[in-house]
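Working notes, structure below.
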Amino acid sequence: MRRLLPLLLAALALGSCARGDDRTHIYLQRFFGECGAEYGGSTDVAKAEGECGIMTALINRFNAENPDLSVDVNVVAWPGYPQLTAQMAARDPPDLVTMHEGVISDYAAKGLLEPVDAYLAQAGISIARFTEASRQGVTIGGRAYGLPWDTHGGLFHVNTALFAKAGLMKGGKPVLPNSAEELIAQARQFQQRTGKPYLLQSNVGDPAYAARNQYSYMMAQGAALFPDARHIRLDTAEGRRVGAFFRRINAERLGTLNMDTPAAIAAFVNGEGGIYPTGTWMIGSFQKEAETPGRPLYASYAVFPYPRLWGRPLEFVSGHAWVVPARQRSPRQRAAIARFFRFMAAHNFDWARTGHIPAFQAVLESAAFRALPHRADIAPLAAIGRPLPTNVQRQSAIEGIVGEEMAAASTGQKPVAAALASAERRVNELLSQVN
Amino acid sequence: MNGARDWRGLLFVAPFMLLYALILVFPLFRGLWLSLNRVDLFGDGRFVGAANYVRLANDPIFSTALLNTFKVTLMIVPVLTVLALLLALALNNAGRGAALLRGIFFSSAVLSVTIVTLIWRFVLAPDAGLLGEAWKAAGWQPLAFLSDPHLVLPALAITTIWWSLGLPMLLFLAGLQQIPHDMYEAAALDNASRWTTFRRITVPALRRTIVLVVMLQTAAQLQLFGQSQLLTAGGPSGASRTAVLFLFETAFGRWELGYASAAAEMLFLLILAVTLAQYWATGRGREASGAR
């Protein structure tokens with residue numbers, strides 16, 4: 001037994017040895033959810049559905065097509081920035097991270113992200129191939145800080161059956177307003193004829209909704225939201241006009257007041273209102289409802305960018321990008337990142353199936369993209385979409401403050417002027433503290 | 001006791017003391033130092049003295065958050081204490097039914113805050129929630145628990161009371177089982193009513209447990225965070241933003257670590273003051289009752 005035991009231990013130790021892994025590893029951290037149970041082994045990108053499914057299948061496919069590389073994935077809860085910040089503070093960040101374009105400036109200003117121009121050049125990707133919105137979203141001081149992956153922004157998701165009942169369809173398309181007064185008139189008509197709210201609004205726990213409205217319609221009127229990187233200007237004639245308009249919508253009960261995002265989604269899917277203003281990310285889910293016989297939204301769904309109400313048709317947008325945190329990397333790892341960029345750029349159309357607007361002009365103009373449901377209608381978002389200036393830091397926190405104050409104004413909890421002044425004061429104080 | 005024995009004794013407590021110093025005392029002083037600096041999450045900063053505290057004193061968002069915290073604590077602690085005591089009194093017997101009910105009432109305590117807030121969102125949401133549907137069925141307008149500034153704190157309080165009932169109930173049950181049964185027998189022989197027995201025997205015997213429950217729950221609810229973040233995101237217009245949500249947003253959303261640390265120090269001092277005040281008040285009460 002005494003002789004047998006060392007032999008057993010030696011056999012166990014030898015048996016535990018695996019072949020040396022000579023693949024180059026890159027560590028990728030992303031949000032968009034975890035769906036390993038459904039797509040864990042899938043490399044068939046065309047069959048994958050939804051953000052998580054398409055993303056998982058794409059990374060599986062990249063690993064399968066690049067046997068000398070291994071992309072090790074860490075999925076974080078949306079948006080994952082507290083974890084990323086902690087990893088960066090510990091000087092152990094991932095190699096590739098999904099990041100909202102509005103957040104890039106926070107990390108880039110501290111030298112925590114590498115400019116990616118060299119990776120793009122190695123991958124054969126010219127910045128000129130990006131759409132205008134995407135190019136603006138990742139460029140700071142003339143340098144690209146990420147591979148843009150999409151543009152996303154607010155859309156008017158429309159229940160066409162209810163619009164028909166309200167007499168607001170023309171040539172098979174919903175009649176959308178071209179001015180603030182027109183919107184009020186159409187909303188009243190809709191409400192009178194259908195007995196349902198014109199706007200389904202997620203006013204509860206969703207500051208992004210109110211912020212998106214305020215930014216978009218102030219930009220459309222030509223207001224400079226950020227005269228410089230340290231100041232916001234909201235308490236202006238343009239700002240008051242937008243605030244007063246949404247307050248009027250709620251005062252006349254033309255929109256819902258007490259819904260959070262899940263409630264607003266459920267209400268739209270169940271045909272409880274005319275328009276649900278939310279993002280590009282919902283197109284896939286709503287289209288599925290529209291294709292399912294028996295569902296309230298069956299054959300009754302259309303979607304468009306926010307209509308022009310004042311000034312020019314402009315809309316606040318953001319986007320997702322792949323960024324590269326700064327850290328020591330081997331030449332093989334750097335080459336692997338460039339290959340990943342090339343792969344992802346080549347599959348930008350697959351990602352556009354999520355509902356987001358592609359980051360590459362050629363994909364946006366492609367027949368395949370236009371053939372996807374509603375994409376021809378929402379494609380203008382890439383041209384009329386404007387991100388906030390990329391030299392402004394803390395955009396996520398700013399959106400939270402502006403959204404909180406403007407939601408209070410639109411629901412009547414605060415006078416519009418007081419909300420605008422408070423938002424302006426709070427944001428300017430926040431920006432004054434940025435080191 | 002000689003000197004050598006003293007040192008050996010210290011060796012026994014040294015591992016705990018070291019760990020305690022490392023994970024509690026050091027962060028406490030580190031936080032205090034950070035609060036005197038304008039510093040972000042990456043350590044870039046400079047000494048600003050009491051400037052962060054002056055800013056806090058003039059910050060209406062922080063004062064609203066503090067006020068909300070005190071209000072919601074006042075809504076939770078008395079109700080929670082009374083409910084837990086009543087449940088413990090009702091379930092303080094050896095029957096199988098009582099054991100089952102004890103398990104059921106404790107079960108909410110094992111849920112994570114995410115699940116708890118998800119459940120209560122389904123109950124409280126005015127458009128499709130359980131209460132909203134019940135209100136509509138009765139022909140009333142549903143109450144906007146999650147968007148009416150006057151109702152969000154009660155909504156947080158209800159959620160928290162449901163979630164936190166288990167532990168105080170167990171503490172009271174443990175306390176009740178410590179009361180000698182012969183005292184109740186003596187009261188029965190004296191023909192004391194149930195109310196008199198409760199007032200003259202049960203409550204005095206449970207005094208320490210009541211103090212413990214009130215102090216523990218006060219300290220816990222002054223740090224209420226997850227319910228506010230997940231159920232209402234601090235809204236509407238900051239009406240349900242608590243002090244800990246404020247410092248989370250400040251530290252991790254705005255990267256103002258120094259300012260958030262100053263808020264944390266203020267909250268620490270307030271919790272300490274409230275807890276000491278309760279301890280002092282209950283101690284005085286005991287002395288007074290002892291003097292009688």
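Chain letters run A, B, ... following the sequence lines, proteins first and then strands; every chain starts at 1.
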| Heavy-atom closest contact (B/S147 atom, A/Q413 atom, distance) | O-NE2, 3.2 Å
| message | Which atoms of A/A407 are under 4.5 Å from chain B, going by heavy atoms: the side chain, the backbone, both sets, or neither? | response | neither
| field | A/R327 atom CZ, neighbour heavy-atom count above 12 within 6.0 Å | value | yes
| So which of B/G45, B/G238, B/G258 has the largest heavy-atom pair count under 4.5 angstrom toward chain A? | B/G238
| field | Proximity breakdown for B/R46 and chain A, heavy-atom pairs closer than 4.5 Å | value | neither
| said: Give me the atom names and distance for the closest heavy-atom approach of A/P262 to B/R121. | reply: CB-NH2, 3.5 Å
| chain B contact via A/D106 - which portion, at a heavy-atom distance below 4.5 Å | both
| field | Spacing of B/E249 atom CD and A/E404 atom CD [to the nearest 0.5 Å] | value | 7.0 Å
| message | Working to the nearest 0.5 angstrom, can you tell me the gap between B/D148 CG and A/N258 CG? | response | 8.0 Å
| task | Give, as side chain, backbone, both or neither, the part of A/R91 having an atom under 4.5 angstrom from any heavy atom of chain B. | result | neither
| task | Output the option from B/P236, B/G253, B/P126 having the highest count of non-hydrogen pairs under 4.5 Å with chain A. | result | B/P236
| task | Answer yes or no: is there a side-chain heavy-atom contact under 4.5 Å between B/F42 and A/T85? | result | yes
| note | To the nearest 0.5 Å, atom CG of B/L41 lies from atom NZ of A/K110 at 9.5 Å
| request: Supply the atom-to-atom distance A/I398 CD1 to B/R254 CZ, rounded to the nearest 0.5 angstrom. | output: 10.0 Å
| If you tally heavy-atom pairs under 4.5 Å against chain B, which of A/L430, A/V434, A/I401 wins? | A/L430
| said: Between B/I61 and chain A, with a heavy-atom cut-off of 4.5 Å, which part of the residue counts as in contact: side chain, backbone, both or neither? | reply: side chain
| request: Taking atom CZ of B/F47 as the centre, report whether more than 12 heavy atoms of other residues, nucleotides or ligands fall under 6.0 Å from it. | output: yes
| note | Applying a strict 4.5 Å limit to non-hydrogen atoms, the region of B/P60 in contact with chain A is side chain
| task | Could you tell me which portion of A/A89 (side chain, backbone, both or neither) has an atom closer than 4.5 angstrom to a non-hydrogen atom of chain B? | result | both
